[in-house]
Amino acid sequence: MSRMNAMFKKLYKLVLVVSLAIFLFIVFDEIHNLDNNSKRYLSEHYISEGVQETGAINIVTSVLYDYRAFDTLGEATVLLTAAAILSFLVPLGKDKMLGTTFTMIVSQTTKFFIPFLAVLGAYLILFGHLAPGGGFVGGVVMAVIPILLTITYRVEFSEYKFKPAKKKLAEDIGAIGFILLGLVGVVTGSNFLANGQANFGPGNTGELISAGLIPFLNLMIGIKVGAGLAIIFNSLIKEK
Amino acid sequence: MVYFILAIVLFAILTFYRVMKGPSVPDRVAAMNAIGVMFLLVLVLLSLYFDRKVFLDVALVYGVFLFVNVLIMAKYFTKPEKGEVGD
Amino acid sequence: MINILVQLFVYVFLLTGLYFLLSTAVGMIRFPDLYTRLHAGSKCLMAGGISVLMGCIVMEGIGFVSLKIIVIIILLLITNPVAIHVIARLAENYHFVPKKIAKNELDK
Amino acid sequence: MMDIIFNMLMIFLVITAFFMVFTKDISTAVIALPIYGAILVVIFVILQAPGPAIAEAVIAAGLTTVFFVITINKTEY
């Protein structure tokens with residue numbers, strides 16, 4: 001009887017998941033029907049006019065940092081809150097987690113690997129408006145450097161190389177710089193975080209310094225995300 | 001060209017058997033590493049097939065994070081599961 | 001003429017890579033032990049991957065794209081052996097005794 | 001021909017997701033998570049969207065796994 005009961009429970013779970021999937025498929029097929037042309041006027045406008053209005057070739061970046069820049073500010077605030085609360089709740093302590101001991105091969109490889117990571121992250125951040133990538137992705141790649149140092153050596157070495165006070169300062173610079181760059185739009189007489197409307201000189205599309213404020217916003221988001229994720233990781237790995 | 005991509009995806013599905021079956025954690029991590037490298041090759045071949053060099057950045061970033069994944073799994077999966085120590 | 005030769009080289013490289021990737025998949029399924037599976041996951045996988053990427057370089061010719069593929073090859077050559085080495089270090093915690101080899105060693 | 005690859009990848013995605021949900025061990029589910037991310041990256045590249053693909057490669061296949069592994073080591077499983 002108990003085996004029958006267990007089989008029934010397993011079957012119940014499977015039927016539940018399958019029916020939920022079918023329900024979601026029907027609902028989303030009804031809402032996001034791609035053949036329906038009348039609901040897509042906004043994306044048509046982004047695709048056809050986005051390059052002339054903002055000056056960035058990458059349409060995703062032009063949406064994230066120009067049309068919907070306020071949402072990006074909200075996402076950055078979420079990360080700032082998480083890093084602040086984690087570093088407040090786990091103030092000090094040592095790395096006492098169990099882990100396999102690594103040999104010298106891994107540490108030497110990490111030494112070779114870190115400059116490559118720095119170049120890749122800088123490329124992703126600086127070319128955010130010309131190629132896929134942008135501030136968030138480049139910031140995460142930069143945050144891998146302290147994570148690798150923490151894994152292969154100890155937390156003490158990682159915090160000796162990248163001081164916690166400096167990381168907090170970098171995160172604050174990123175958050176405040178984003179808002180100050182947004183206030184430039186108000187000074188010139190248009191909206192907060194306005195780039196295309198305020199006419200900041202889109203420049204020649206396709207060059208490195210073009211698209212007005214978007215490269216600087218990318219740089220600020222990159223600094224902020226990198227420092228914040230490094231703080232979160234080092235706070236998670238320490239214990240009382 | 002498309003047939004090569006199809007074949008590599010098939011090999012990745014074959015290797016996923018070891019992730020499902022494998023008796024211990026290191027088996028599964030090694031199979032995960034193999035599947036990741038195969039999908040990296042698929043990404044490079046797709047970027048040549050569509051003739052857009054932008055897609056090579058995706059392959060590069062994915063390779064970096066595959067290495068970080070394997071490193072951190074090997075560092076912090078240390079407690080053996082009960083009753084599953086063997087070959 | 002030279003076009004046909006380039007096409008031939010591309011097919012040779014890609015087919016060699018596919019053979020090694022197939023042997024990786026078969027080895028991952030069929031080998032009896034953890035350490036032999038690591039053997040399949042390191043050497044055969046790297047041979048297949050480098051062959052496929054060399055085929056891509058030959059197909060593309062000299063340029064910016066092939067430079068990026070060379071960077072990917074160097075990345076794989078640095079990271080994958082270290083990854084396998086680290087997995088072997090992880091296996092030390094579990095105290096594996098490979099049955100088939102250990103019996104023969106103990107009998108002697 | 002690309003349709004066949006796309007459908008195969010979708011079936012593989014569903015298999016990986018079901019395996020992640022229904023497996024008994026937590027560490028096995030975490031090991032299957034980067035594979036799920038890799039399949040999604042390839043699907044996004046086939047759909048000609050490099051921006052979401054690179055974000056997926058960073059977040060789902062990278063950061064989420066790192067934080068899950070640390071959290072599992074801190075718990076008693």
Side-chain angles (χ1 to χ4, degrees), chain A residues 9-11 13-14 16-18 20-21 25 56-64 75 79 82 86 90 95-100 120-121 124 127-144 146-148 150-151 225-226 228-230 232-239, chain D residues 3 6-7 9-27 29-34 36-77:
Chain A
K9 199 177 265 181
K10 198 176 281 184
L11 199 72
K13 276 193 270 183
L14 217 116
L16 192 67
V17 171
V18 168
L20 188 66
F25 177 74
I57 292 178
N58 194 356
I59 295 178
V60 178
T61 306
S62 76
V63 172
L64 271 181
E75 290 174 17
L79 258 179
L86 264 174
V90 194
D95 179 15
K96 280 188 211 160
M97 288 172 66
L98 287 174
T100 57
L120 183 62
L124 282 176
F127 281 72
H129 55 291
L130 302 178
F136 193 85
V137 177
V140 175
V141 174
M142 294 289 252
V144 166
I147 290 176
L148 273 183
T150 308
I151 294 169
V225 170
L229 283 177
I232 288 176
F233 186 83
N234 275 346
S235 308
L236 266 181
I237 215 164
K238 279 190 290 191
E239 280 179 352
Chain D
D3 289 343
F6 188 76
N7 290 334
L9 282 172
M10 288 300 236
I11 293 170
F12 192 17
L13 187 75
V14 172
I15 291 172
T16 319
F18 268 87
F19 175 70
M20 267 166 51
V21 173
F22 285 113
T23 184
K24 290 276 172 55
D25 198 2
I26 304 177
S27 58
V30 174
I31 289 169
L33 183 61
Y36 182 82
I39 299 164
L40 266 182
V41 168
V42 177
I43 285 175
F44 279 139
V45 165
I46 288 177
L47 290 176
Q48 304 276 328
I54 205 166
E56 182 73 28
V58 164
I59 294 167
L63 271 181
T64 317
T65 316
V66 169
F67 288 139
F68 273 158
V69 169
I70 295 170
T71 313
I72 282 176
N73 193 358
K74 287 203 170 191
T75 55
E76 300 279 336
Y77 72 96

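Every chain is numbered from 1, with letters handed out A, B, ... down the list of sequences.
Counting heavy atoms of neighbouring residues, nucleotides and ligands inside a 6.0 Å radius, atom CZ of D:F12 exceeds 12 of them. Applying the 6.0 Å contact sphere to CZ of D:F68 captures no more than 12 heavy atoms from other residues, nucleotides or ligands.
Only the side chain of A:V17 comes within less than 4.5 Å of a heavy atom in chain D; its backbone stays farther off. D:L63 touches chain A through its side chain: at least one heavy atom from C-beta onward sits under 4.5 Å away, while N, CA, C and O do not. For chain A, the nearby part of D:V66 is the side chain; its heavy atoms alone come within less than 4.5 Å.
Residues A:S235 and A:L86 share a closest heavy-atom pair of CB-O, 4.1 Å. Considering all non-hydrogen atoms of both residues, D:M10 and D:I43 come closest at SD-CD1, 3.6 Å.
Most heavy-atom pairs under 4.5 Å with chain D, from the set A:P132, A:A131, A:A21: that is A:P132. Between chain D and the residues A:V60, A:V137, A:I59, A:V141, the largest count of heavy-atom pairs under 4.5 Å involves A:V137.
Taken from CD1 in D:I31 to CZ in D:F19, the straight-line distance is 9.0 Å, to the nearest 0.5 Å.
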